[in-house]
Protein chains: 2
Amino acid sequence: MDVPREPRWLSEEEMTAWLALASVLIRLPAALDGQLQRDAGISHFEYQVLAGLSMSPERTMRMSELAQLADGSLSRLSHVVSRLEKRGWVRRTPDPANGRYTLAVLTDDGWEKVVATAPGHVEAVRTLVLEPLTRTQIRQLSEIGSRIARAVDPDGDCPTTRFRR
Amino acid sequence: MDVPREPRWLSEEEMTAWLALASVLIRLPAALDGQLQRDAGISHFEYQVLAGLSMSPERTMRMSELAQLADGSLSRLSHVVSRLEKRGWVRRTPDPANGRYTLAVLTDDGWEKVVATAPGHVEAVRTLVLEPLTRTQIRQLSEIGSRIARAVDPDGDCPTTRFRR
DNA sequence: CATGCACGCTTGAAGCGTCAAGTGAAGAGG
DNA sequence: CCTCTTCACTTGACGCTTCAAGCGTGCATG
């Protein structure tokens, strides 16, 4: 899987853009994770799981759906749900309709946790991402982001349509 | 550290931009890591370490400098360099000028590794990030990226000036 | 209705990152 | 000089993610 010798190097302009993005790629997730960890004691992935459940009808989802929604492997989700179960925020039930599915259900405590956690997280996103940008840049970011996302994973849902999965 | 009740929610436009970025944040690093793992059997962090050394005079750097350059903790770097040492790509020496510094030196094999790996990585960056964008968008990305990076870490170097550290 | 297969999920082990404690070298203060 | 502190780094333990193997359920096939 090697690449042609004589690699096409990056121009100054390209390099600048790439370094800027690389910096965001490393630091923004760390900052977001940090906020959740400090203020709520959960990881971003755990938040996504809880938030996903909270927005779902019956606050219930199949493990496999939930894994996709939270962008993680089924195995990872299984481990995480085990932990969330121990903390009393999620419950597992076999799907009565089909025994090989497992349903993850958000408990009342879990709902409380989401309600308590979401505003801080949204605020962090606002502070770190949205507020530094102009409205024009926010629109530009949408376009740039979805182009890159499409290049990375052409079959992946484009983020704006993620919910129709 | 809670946030005012009555959270300011995200507008449609903001939500779209955030979802697009979030998608990139999760998938692009995974794709980049995957390429390096498949084609070279190393992680992105290991690549950064090797590449950092290869671009440094004498192919040598202090551990602490290298840690900053590669955006990781000193502890993490120490563990990684241990592994790279075992693979024969890096050597450690105490700094003759000052015994409490440790110098990491890229071996000839390490140099070969970088030379063999870099083109593929650059190509991946080009394919996944640069080619999907217009020249205008590449410039927009620079500005957007550095604004977010600055919001995340105001004291951090802005990426274009990273090298003068 | 029995057998085999595929699917959804779980589990345990291995690897990596983080955190906190520990080591040894430089320099500061008496 | 000797001691005390600081600094750069290393180390080991713990937690989380990944990977591969295993389990049980439902469906298809005979």
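Below, read A as the first sequence line, B as the second, and so on, with proteins coming before strands; counting in each chain starts at 1. Side-chain atoms are counted along with the backbone in the values below, which use heavy atoms only and exclude waters and symmetry mates.
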Exercise. For A:Q68 and C:dC9, give me the distance from atom CD to atom C1', rounded to whole Å.
Key: 15 Å
Quiz item: Could you give the CG-to-C1' distance, from A:L74 to C:dC7, as a whole number of Å?
Solution: 11 Å
Quiz item: Taking atom C1' of D:dG15 as reference, at what distance in whole Å does atom CZ of A:F45 sit?
Solution: 15 Å
Quiz item: B:S43: what forms a side-chain hydrogen bond (donor to acceptor under 3.5 Å, both in side chains) with it, not counting sequence neighbours?
Solution: B:E46
Self-check item: For the student: nearest non-hydrogen atoms of A:I144 and B:Q137, plus distance
Solution: CD1-O, 3.6 Å
Quiz item: Does a side-chain N or O from A:T102 land closer than 4.0 Å to OP1 or OP2 of C:dG8, or not?
Solution: no
Quiz prompt | Atom pair distance, as rounded to whole Å: CD1 in B:I26 and C1' in D:dT17 | solution = 14 Å
Self-check item: Short side-chain N/O contact to D:dA8 OP1/OP2 from B:S64, under 4.0 Å
Solution: no
Quiz item: side chain to side chain contact (heavy atoms under 4.5 Å, CB included) with A:A70: which residues, sequence neighbours excluded?
Solution: A:F45, A:Q48, A:V49
Detail all sub-3.5 Å separations between protein N/O atoms and N/O atoms belonging to nucleotides 19-24 of chain D.
| from | atom 1 | to | atom 2 | distance (Å) |
| --- | --- | --- | --- | --- |
| D:dC19 | N4 | A:S75 | OG | 2.7 |

Quiz item: Is the shortest distance from a Lys or Arg side-chain nitrogen in A:R27 or B:D71 to a carboxylate oxygen in the other one below 4.0 Å?
Solution: yes
Quiz item: A:S82 near the nucleic acid: base, sugar-phosphate alone, or nothing, with a heavy-atom cut-off under 4.0 Å?
Solution: nothing
Practice problem: Could you check how far CG of A:L66 sits from P of C:dG8, rounded to whole Å? | Solution: 15 Å
Exercise. Quick one: list whatever passes side chain to side chain contact (heavy atoms under 4.5 Å, CB included) with B:S56, sequence neighbours left out.
Key: B:M61
Quiz prompt | Distance, rounded to the nearest Å, where B:M63 contributes CE and D:dC9 contributes C1' | solution = 7 Å
Quiz prompt | Partners passing side-chain hydrogen bond (donor to acceptor under 3.5 Å, both in side chains) against B:S64 (at least two apart in sequence or in another chain) | solution = none
Self-check item: Residue pairs passing the salt bridge (charged side-chain N to carboxylate O under 4.0 Å, His left out) test where at least one lies in residues 140-149 of chain B, sequence neighbours excluded
Solution: B:E143-B:R147
Self-check item: All side chain to side chain contact (heavy atoms under 4.5 Å, CB included) counterparts of B:E131, not counting sequence neighbours
Solution: A:R8, B:R126, B:T127
Practice problem: To the nearest Å, give me how far apart CD (A:Q37) and C1' (C:dG17) are. | Solution: 13 Å
Self-check item: Protein-nucleotide distance (B:N98, atom CG; D:dT6, atom C1'), rounded to Å
Solution: 12 Å
Quiz item: Partners of A:R76 by side-chain hydrogen bond (donor to acceptor under 3.5 Å, both in side chains), sequence neighbours excluded?
Solution: none
Quiz item: Taking DNA chain D as the partner, which of residues 88-97 of chain A come within under 4.0 angstrom of it by heavy atom?
Solution: none
Quiz item: Considering heavy-atom distances to DNA chain D, does B:S78 or A:S43 have its closest nucleotide positioned more toward the 5' end?
Solution: B:S78
Practice problem: Can you sort out the partners of B:D95 under side chain to side chain contact (heavy atoms under 4.5 Å, CB included), two or more places apart, ordered by chain and number? | Solution: B:R62, B:A97, B:Y101, B:L103
Quiz item: Think A:R83 has a side-chain N or O under 4.0 angstrom from the OP1 or OP2 of D:dT17?
Solution: yes
Quiz prompt | Check: B:S75 main-chain N/O paired with B:S78 side-chain donor or acceptor under 3.5 Å | solution = no
Distances under 3.5 Å between nitrogen or oxygen atoms of protein and nucleotides 1-3 of chain C:
none

Quiz item: What residues form a side-chain hydrogen bond (donor to acceptor under 3.5 Å, both in side chains) with B:R135, not counting sequence neighbours?
Solution: A:E13
